[in-house]
Asks: 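Quick one: structure below, then a few questions.
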There are 2 protein chains.
Amino acid sequence: MDVRTLCLGILTFGDATGYEIKKAFQDRLGMFYDASYGSIYPALNKLTTDGLVSCRTKSQSKRPDKKIYSITLDGQLTFLKEMEGTPAPEKFKSETLATLMFAHLLPASHIAKVIDDLIESYQSNIEILSGECDMKQALTDRFLCGYGIAVKSAAIKYMQENRHLIEAEALLADHAAE
Amino acid sequence: MDVRTLCLGILTFGDATGYEIKKAFQDRLGMFYDASYGSIYPALNKLTTDGLVSCRTKSQSKRPDKKIYSITLDGQLTFLKEMEGTPAPEKFKSETLATLMFAHLLPASHIAKVIDDLIESYQSNIEILSGECDMKQALTDRFLCGYGIAVKSAAIKYMQENRHLIEAEALLADHAAE
DNA sequence: AGTTACATATATCAATTCGATATATATCGG
DNA sequence: CCGATATATATCGAATTGATATATGTAACT
């Protein structure tokens, strides 16, 4: 599954411009899949060439022409076939947790700040997701929002209950450095 | 923070070959940061050029020469300075959850399988992490293993309790298709 | 004895993707 | 009136992945 396939998926919900597709990635998929213009625009070009989407241009005065993409029948079939494959393993990248790996080399104050920031960002995620969760009527959206909330909540709880472990390591190093 | 910096970090634990550094990424950082040979070997070359690591070659009969890298004093200072910056936001990519976004278009049997597989992979993660957690003496390692276990456990619990929501959507679609 | 799979060890390459940047304008709050 | 945000396109260098190539040892299985 690549950006191309997910662009097709987003277009099953209705026609959209590249700009709107980018927004859909952020708003609907952002939690577990993101894509940049640098991958979306080339993807749409390729999809158009392959006949999986069609594109009509709406000229606008004083703005770049709007290119509205629609999924074709061929595109729908390709999308469904693609989605029937086995999804790749999940990938998670956290510079914060990588930083904590080296807590014994860093100032305790920095470790504390990094953890504070992470907890705050999780809390902000949860607030946004809670708001969305209430608005959405579709079960799918609710399920996915709920997933995000459940996981982030568990992360916060663990961090708060166990941060002293890693902060102790950093403190030890601080004393050794003196 | 990039692969270069994390190679330096891994070398603070002791000298290593590129192959061993790759293993360290998998074994120690794998949960929250991974890197491939295609990024590790170029990173080590650059670090050597910049004088942040030194490299001695150990010739081995019937094997490629082993290149053992050591972090230099300059490398240690550079690493510490790098780690004091603010870590980038976390990134998570899940093709499985992206698939679920389109549950209303897919066969219920496929949705069920995809969820089963995800739960199984989480369970396997937890088992591996539990084993490691017991072995490790360092608080840092325990903290990070514990984090992984806490988060994956919450994910499993949520999935098991709420999967019926999304499976219902897929079933609806199945009936509509008939 | 043979074979299959995995571990050691290096390295490169096409393809993908990110993050930043460029270009223009509208709109809205302070 | 100004600065921030939104609309809308597109490209480019740099980083990264995942696959592949090359060799061999070693352990387990048949």
Side-chain angles (χ1 to χ4, degrees), chain A residues 1-7 10 15-27 29-30 32-50 53 55-69 82 85-95 98, chain B residues 1-7 10 15-27 29-30 32-49 53 55-69 82 85-93 95 98:
Chain A
M1 185 191 309
D2 52 9
V3 174
R4 241 188 326 275
T5 308
L6 287 173
C7 285
I10 288 167
D15 297 354
T17 65
Y19 182 76
E20 286 165 342
I21 289 173
K22 167 78 169 119
K23 266 199 302 173
F25 266 104
Q26 287 170 339
D27 300 346
L29 291 163
F32 39 83
Y33 207 109
D34 207 1
S36 60
Y37 288 126
S39 57
I40 291 172
Y41 282 114
L44 288 171
N45 288 334
K46 181 105 202 303
L47 287 170
T48 307
T49 307
D50 295 351
V53 306
C55 171
R56 68 206 136 93
T57 304
K58 202 173 190 174
S59 64
Q60 302 189 120
S61 58
K62 322 224 176 176
R63 288 253 180 127
D65 284 0
K66 204 186 250 191
K67 289 186 186 172
I68 302 167
Y69 295 93
E82 195 77 39
T86 303
E90 292 183 339
K91 252 182 269 176
F92 176 58
K93 183 167 287 198
S94 171
E95 294 193 359
Chain B
M1 188 189 308
D2 51 9
V3 175
R4 238 186 331 273
T5 308
L6 287 173
C7 285
I10 288 167
D15 297 353
T17 66
Y19 181 76
E20 286 165 341
I21 288 173
K22 168 79 169 123
K23 266 199 301 172
F25 266 104
Q26 287 170 337
D27 299 346
L29 290 163
F32 40 83
Y33 207 109
D34 207 2
S36 59
Y37 288 126
S39 57
I40 290 171
Y41 281 115
L44 288 170
N45 288 335
K46 182 105 202 304
L47 288 170
T48 308
T49 306
V53 305
C55 172
R56 68 207 136 92
T57 303
K58 202 172 189 175
S59 64
Q60 302 188 119
S61 59
K62 321 222 176 179
R63 289 254 181 126
D65 284 359
K66 205 187 251 191
K67 289 186 188 173
I68 302 167
Y69 294 93
E82 195 76 38
T86 303
E90 293 182 338
K91 252 180 272 174
F92 175 59
K93 184 168 285 199
E95 293 193 359

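In what follows, chains carry the letters A, B, and so on, assigned in the order in which the sequence lines appear, proteins first and then strands, with residues in each chain numbered from 1. All heavy atoms count here, side chains included; hydrogens, waters and symmetry mates do not.
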Asks: Grab the NZ-P distance between A:Lys66 and C:dT23 for me, whole Å please.
Replies: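 Going from A:Lys66 (NZ) to C:dT23 (P), I get 24 Å.
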Asks: Between C:dT8 atom C1' and B:Ile21 atom CD1, what is the distance in whole Å?
Replies: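 B:Ile21 atom CD1 is separated from C:dT8 atom C1' by 15 Å.
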Asks: By nearest heavy atom, map A:Lys91 and B:Arg4 onto DNA chain D; which one lands nearer the 5' end?
Replies: B:Arg4
Asks: Would you kindly give the CD-to-C1' distance between A:Gln26 and C:dG19, to the nearest whole Å?
Replies: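 Taking CD of A:Gln26 and C1' of C:dG19, I get 13 Å after rounding.
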Asks: From CD of B:Glu90 over to C1' of C:dC18, roughly how many Å is that when rounded to an integer?
Replies: 18 Å
Asks: What nucleic acid atoms does B:Lys23 come within less than 4.0 Å of, heavy atoms only: base, sugar-phosphate, or nothing?
Replies: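 It contacts sugar-phosphate atoms only.
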Asks: With a cut-off of less than 4.0 Å, is there a side-chain N or O of A:Thr17 near OP1 or OP2 of D:dT7?
Replies: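 So the side-chain polar atoms of A:Thr17 never come under 4.0 Å of the phosphate oxygens OP1 or OP2 of D:dT7.
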Asks: Could you give the CG-to-P distance, from A:Asp34 to C:dC18, as a whole number of Å?
Replies: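 Distance check: A:Asp34 CG to C:dC18 P gives 7 Å.
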Asks: Just call it for A:Gly18: base, sugar-phosphate, or nothing, with non-hydrogen atoms closer than 4.0 Å on any strand.
Replies: sugar-phosphate
Asks: Which heavy atom of B:Gly18 sits nearest a heavy atom of B:Ile40, and at what distance?
Replies: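 Minimum heavy-atom separation between B:Gly18 and B:Ile40: O-CG2, 4.2 Å.
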Asks: Work out which heavy atom in A:Glu95 is nearest to a heavy atom in B:Tyr33; give both atom names and the distance.
Replies: CG-CE1, 4.3 Å
Asks: Roughly how many Å is it from CD1 in B:Ile68 to P in C:dA9, rounded to a whole number?
Replies: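 It works out to 9 Å between those atoms.
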Asks: Return no unless some side-chain N or O of B:Tyr19 is found under 4.0 Å from OP1 or OP2 of C:dT8.
Replies: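 It does, given that an N or O in the side chain of B:Tyr19 lies less than 4.0 Å from OP1 or OP2 of C:dT8.
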Asks: What's the spacing between A:Asp27 CG and A:Lys22 NZ if we round to 0.5 Å?
Replies: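 That separation rounds to 10.0 Å.
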Asks: OP1 or OP2 of C:dT10 sitting under 4.0 Å from any side-chain N/O of B:Lys22?
Replies: no
Asks: How many whole angstroms separate atom CD of B:Glu95 from atom P of C:dT16?
Replies: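 After rounding, the gap between these two atoms is 14 Å.
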Asks: Would you mind reading off the distance between B:Phe92 atom CZ and C:dC18 atom C1', rounded to a whole angstrom?
Replies: 19 Å
Asks: For B:Tyr41, enumerate each residue passing the ring-ring contact (aromatic ring centres under 6.0 Å, His included) test, keeping only those at least two apart in sequence or located in another chain.
Replies: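 Per chain and number, B:Tyr41 pairs via ring-ring contact (aromatic ring centres under 6.0 Å, His included) with B:Tyr37.
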Asks: Taking only N and O in the side chain of B:Tyr41, is any of them less than 4.0 Å away from OP1 or OP2 of C:dA11?
Replies: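 Answer no for this pair, as no side-chain N or O of B:Tyr41 is under 4.0 Å from OP1 or OP2.
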Asks: Between A:Tyr37 and A:Tyr33, which residue's closest nucleotide on DNA chain C lies nearer the 5′ terminus?
Replies: A:Tyr33
Asks: If you find the nucleotide of DNA chain D closest to A:Pro42 and the one closest to B:Ser39, which residue's nucleotide is nearer the 5' end?
Replies: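 Here A:Pro42 is the residue nearer the 5' end.
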Asks: Side-chain N or O of A:Ser36 less than 4.0 angstrom from OP1 or OP2 on C:dA20?
Replies: no
Asks: Taking all non-hydrogen atoms of both residues into account, name the closest pair between B:Ile10 and B:Ala24 and its distance.
Replies: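 That would be CG2-CB, 3.7 Å.
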